[in-house]
Amino acid sequence: MAAQGNEENTVKEEIDVVVFDLNGTFYNKSSKDEFFKFVSTKKPKQSKHIFQMAYYQLLHKLNQINKTEFKENFFNYLDDLPPKQVEQYAQEFWEQEFPVNFNKELQKRLDDMKKKGIKIICATGALELYVKPLLQLYKIDGLVGTRVQYEVNTYKVLGQACKDEEKLNRISSLLNGRKYNILEAYSDSKEAILDKAHKAYLVEDGKISPYKQNS
């Protein structure tokens, strides 16, 4: 009976979570592109980076640079903008975008899970730096994204870009290493969090459909 009791305690210690990607999933657009447009309206000189951004995007598609290198170079348009300034711009940006450009059906699903006491986590490859202000508008339990540090007027990625398996590693760190169950996961592309979830969904053109997981 003691062994059974210990087993029950272990089960109870597991945390139930719902995980969603941001870009093309909850947010209907690409935040890295839209935030660049927004920053360019505030600081027109930053628009000069557009050709450099296209160059690094091409290198990434050709597998000439990895995802971390891509993130570090694509966001060069934030050079010379200290974190406080970026956060201020991000707050204005999300106030403009939320909730009109967000997936209403997914928001309803997340709201229903909130009412049940399920933890809601956003796992995105976007920079935490500019995503965090969104959570002041839409409250959830946690965010894992690509972390950066401002060094010599530019942003350097800390560790790895928050993509694929790294999302799972970061969720584990967020939950202090406790075991967790991904009850539902949402993304606009095939990735590790979908295969780890009990129920997984692809979001394509705003439509949510079941994802066929790898066996």
Report task. Check side-chain contact (heavy atoms from CB on, under 4.5 Å) between L174 and all other residues, then give those that pass, not counting sequence neighbours. Result -> I121, V144
**Report entry** Side chains of D21 and Y186 in contact at under 4.5 Å (non-hydrogen atoms)
**Finding:** no
Requested in this report: State which residues pass ring-ring contact (aromatic ring centres under 6.0 Å, His included) with F20; sequence neighbours excluded, sorted by chain then number.
Outcome: F26
**Report entry** Heavy-atom donor-acceptor pair, N28 side chain to N101 backbone, under 3.5 Å
**Finding:** yes
Report summary line: Nearest heavy-atom approach of S31 to L22 is OG-CD2, 4.4 Å
Report task. Could you tell me whether the side chain of N176 and the main chain of R178 form a donor-acceptor pair under 3.5 Å? Result -> no
Query raised in the report: What's the spacing between W94 CH2 and L137 CG if we round to 0.5 Å?
Result: 9.5 Å
Query raised in the report: Side-chain contact, heavy-atom cut-off 4.5 Å: E34 with Y27?
Result: yes
Query raised in the report: Yes or no on salt bridge (Lys or Arg N to Asp or Glu O under 4.0 Å) for D112 and K116, after CA distance, side-chain angles and deciding distance?
Result: CA-CA 7 Å; D112 288 344; K116 296 176 183 177; over 6 Å; no
Query raised in the report: For A123 and I171, which heavy atoms make the closest approach, and how far apart are they?
Result: CB-CD1, 4.4 Å
Query raised in the report: Below 4.5 Å, heavy atoms only, C-beta onward: do I140 and K114 meet side chain to side chain?
Result: yes
Query raised in the report: Which pairs count as side-chain hydrogen bond (donor to acceptor under 3.5 Å, both in side chains) when at least one residue sits in residues 131-142, sequence neighbours excluded?
Result: D111-Y138
Query raised in the report: Taking the side chain as C-beta and beyond, is there a heavy-atom pair between L168 and E165 under 4.5 Å?
Result: yes
Report summary line: Closest non-hydrogen atoms of F38 and Y89, given as atom of the first, atom of the second and distance, are CE2-O, 3.2 Å
Report task. For S30, check side-chain contact (heavy atoms from CB on, under 4.5 Å) against everything at least two apart and list the hits. Result -> K32, D33
Report task. Would you please name every residue forming a side-chain contact (heavy atoms from CB on, under 4.5 Å) with K156, sequence neighbours left out? Result -> E72, E151, T154
Requested in this report: Considering non-hydrogen atoms only, spot the tightest contact between G145 and C162 and give its length.
Outcome: C-CB, 3.4 Å
Query - Side-chain heavy-atom pair N153, D79 within 4.5 angstrom cut-off - result: no
Report summary line: Separation between CD1 (I182) and CG (L194), nearest 0.5 Å, reads 9.0 Å
Query raised in the report: Can you name the residues that form a salt bridge (charged side-chain N to carboxylate O under 4.0 Å, His left out) with E191, not counting sequence neighbours?
Result: K167
Query - Qualifying salt bridge (Lys or Arg N to Asp or Glu O under 4.0 Å) pairs, either residue in residues 87-104, two or more places apart - result: K29-E97, K42-E92
Determine all donor-acceptor pairs shorter than 3.5 Å in which one atom belongs to a side chain in residues 199-209; sequence neighbours excluded.
none

**Report entry** Non-hydrogen side-chain atoms of L127 and V86 separated by less than 4.5 Å
**Finding:** no
Query - Atom NZ of K196 with >12 non-hydrogen neighbours under 6.0 angstrom - result: no
Query raised in the report: Is the side chain of S172 donor-acceptor paired with the backbone N or O of N169 at a distance under 3.5 Å, no angle test?
Result: no
**Report entry** Set of residues satisfying salt bridge (charged side-chain N to carboxylate O under 4.0 Å, His left out) with respect to K190, sequence neighbours excluded
**Finding:** none
Query raised in the report: ring pair (Phe, Tyr, Trp, His ring centres under 6.0 Å): which pairs involve residues 110-133, sequence neighbours left out?
Result: F35-Y130, F75-Y130
**Report entry** Those residues that, when tested against R147, pass side-chain contact (heavy atoms from CB on, under 4.5 Å) (two or more places apart)
**Finding:** E128, L158, R170
Requested in this report: With the side chain counted from C-beta on, respond yes when L143 and T124 share a heavy-atom pair under 4.5 Å apart, and no when they do not.
Outcome: yes
Query raised in the report: Should L134 and F93 count as side-chain neighbours, where that means a heavy-atom distance under 4.5 Å?
Result: no
Query raised in the report: Does any pair with a residue in residues 154-173 pass ring pair (Phe, Tyr, Trp, His ring centres under 6.0 Å), and if so which ones, sequence neighbours excluded?
Result: Y150-Y155
Requested in this report: Rounded to the nearest 0.5 Å, what's the gap from CD1 on I15 to CG on L183? Could you check?
Outcome: 11.5 Å
